[in-house]
Amino acid sequence: MTWHTRNAEHRCVVIIPARDEAPALRQLLPEVPLWVDQVIVVDNGSSDATAEVAAGAGALVISVPEPGYGRACLAGIAAAQALAPDIIIFMDGDRSDVPEQMARLVAPIADDERDMVIGSRTLGECEAGALTLQQYFGNRLACSLIRLFWGHGYSDLGPFRAIGNDALRQLRMREETFGWTVEMQLRALQCGFRVGEVPVDYRRRIGHSKISGTVRGVVLAGYYILRTIGVAAWREHIVRRRCDRIANTIVDPAE
């Protein structure tokens, strides 16, 4: 099946990075809408039955033994290209995201109103305890920095998002760590994409978080997110300075 609009059909692929998420995937994968053409689960070094559960539910399983959220997403994108998707959806494998709300993300892209849509947990209903204090504070800080440097008011760096495949290729994503989500949102702004947000609900995850559930995970996630923002802001500053110098050296022919 494919996502239908009045004028076209859109082939949709879901990419789910997962590490030791077998119990969650047993419940999550049956919730994915039937109009999704293919689910790709990227097994990111699991020690449980993540791959077996995903394959049993009909997902295409890709193995990426070396840990890294962005690394898993990049592998999923590479695998998706063989399926010639029009729209790619990303979501976590811990069942915190709500697959039934996927249409909210896909519809604006299918209708050619947006190039990328972020599912905002802060705009939707968040189950008690689903977002930790560290996640909430980190999101507020990162979004404030993006507003400061780029003037765009994101409300969340949520993992549940959709993007047109052609637009995704233009982003030339590179980040292999926890900085993946913020890199995508920054590059979309730099490319002048039509970016939107829609409210999505957020549930308490199944199992223990490898990021927000440990001090090391929180520190690393914060470091990579802030590093990604800092590097992007510095590079943009350098480019602007070079452009200003070039402009100042141009002599007006009329003078």
Side-chain angles (χ1 to χ4, degrees), residues 2-3 5 7-17 36 40 69-70 72-78 80-81 83-92 97 101-124 139 142-200 224-240 243:
T2 55
W3 178 268
T5 63
N7 301 314
E9 295 181 349
H10 299 271
R11 187 169 177 81
C12 299
V13 171
V14 174
I15 295 176
I16 304 177
V36 169
I40 299 175
Y69 184 84
C73 290
L74 287 169
I77 292 170
Q81 298 312 306
L83 304 173
D86 299 299
I87 300 172
I88 293 181
I89 303 117
F90 296 88
M91 66 187 308
D92 280 350
D97 300 316
Q101 297 177 347
M102 201 174 289
R104 302 181 186 182
L105 307 171
V106 170
I109 301 172
D111 292 336
D112 196 27
E113 297 171 352
R114 293 288 184 268
D115 301 303
M116 182 176 79
V117 178
I118 305 297
S120 174
R121 300 166 293 184
T122 60
L123 297 179
N139 262 322
C143 290
S144 296
L145 290 173
I146 294 172
R147 183 189 292 271
L148 175 65
F149 292 124
W150 287 275
H152 185 87
Y154 283 120
S155 66
D156 195 9
L157 305 181
F160 197 17
R161 54 187 58 204
I163 184 170
N165 190 41
D166 290 340
L168 181 57
R169 286 200 294 262
Q170 291 180 51
L171 293 184
R172 300 179 183 271
M173 294 291 294
R174 298 177 182 173
E175 181 60 47
E176 297 183 339
T177 65
F178 300 127
W180 166 270
T181 55
V182 72
E183 181 191 41
M184 181 183 287
Q185 288 172 242
L186 289 178
R187 292 199 173 207
L189 296 180
Q190 292 167 337
C191 289
F193 286 175
R194 299 166 299 169
V195 179
E197 288 185 314
V198 295
V200 294
Y224 285 119
I225 289 171
L226 294 177
R227 185 194 69 173
T228 301
I229 294 173
V231 169
W234 175 250
R235 285 176 177 169
E236 192 155 311
H237 171 70
I238 294 297
V239 169
R240 285 175 180 171
C243 289

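Atom set for the values below is all heavy atoms of this structure, side chains included, hydrogens, waters and symmetry mates excluded. This structure is a prediction, so every number in the text was calculated from the model and none was measured.
Under the ring pair (Phe, Tyr, Trp, His ring centres under 6.0 Å) criterion, Tyr154 pairs with His152, not counting sequence neighbours.
In this structure, CD in Gln81 is found 7.5 Å from CD1 in Ile77, a value given to the nearest 0.5 Å. Distance check: Cys73 SG to Met184 CE gives 7.0 Å after rounding to the nearest 0.5 Å. Distance check, rounded to the nearest 0.5 Å: CH2 of Trp150 to CD of Gln190 gives 6.5 Å. Distance check, rounded to the nearest 0.5 Å: CD1 of Ile109 to CD1 of Ile89 gives 8.0 Å. The CZ atom of Phe90 sits 10.0 Å away from atom CD1 of Ile118, with the distance rounded to the nearest 0.5 Å. Atoms CD and CG, from Gln170 and Asn165 in turn, are 10.5 Å apart once rounded to the nearest 0.5 Å.
Annotation: side chain of Arg187 is not in contact with side chain of Phe193 (no heavy-atom distance under 4.5 Å). Put simply, the side chain of Arg227 does not reach to within 4.5 Å of the side chain of Val182, judged on heavy atoms.
The two atoms that bring Asp92 and Pro159 nearest to each other are OD2-CG, 3.3 Å, heavy atoms only. Between Gly179 and Glu175, the shortest heavy-atom distance links the atoms C-CG, 3.3 Å. Residues Met116 and Ala188 approach most closely at CE-CB, 3.6 Å, considering heavy atoms. A pairwise comparison of heavy atoms in Gly119 and Val200 identifies C-CG2, 3.5 Å as the closest pair. For the pair Ala162 and Leu105, the tightest heavy-atom approach, listed with the atom from each and the gap, is CB-CB, 3.8 Å. Residues Gly76 and Ile40 approach most closely at O-CD1, 3.8 Å, considering heavy atoms.
With hydrogens and angles disregarded, no donor-acceptor distance shorter than 3.5 Å links the side chain of Asn139 to the backbone of Asp156.
No salt bridge links Asp97 with Arg161; every basic N to acidic carboxylate O contact stays at or beyond 4.0 Å. Salt bridge absent: Asp86 and Arg11 never bring a charged side-chain N and a carboxylate O closer than 4.0 Å.
By the neighbour-count criterion of 12 heavy atoms within 6.0 Å, atom CZ of Arg169 is densely surrounded, having more than that number from other residues, nucleotides or ligands.
Results of the side-chain contact (heavy atoms from CB on, under 4.5 Å) test with Ile163 over Val117, Asp115, Leu171, Val195 single out Leu171 as the only residue that passes.
Side-chain polar atoms of Glu197 and Ser155 form a donor-acceptor pair below 3.5 angstrom.
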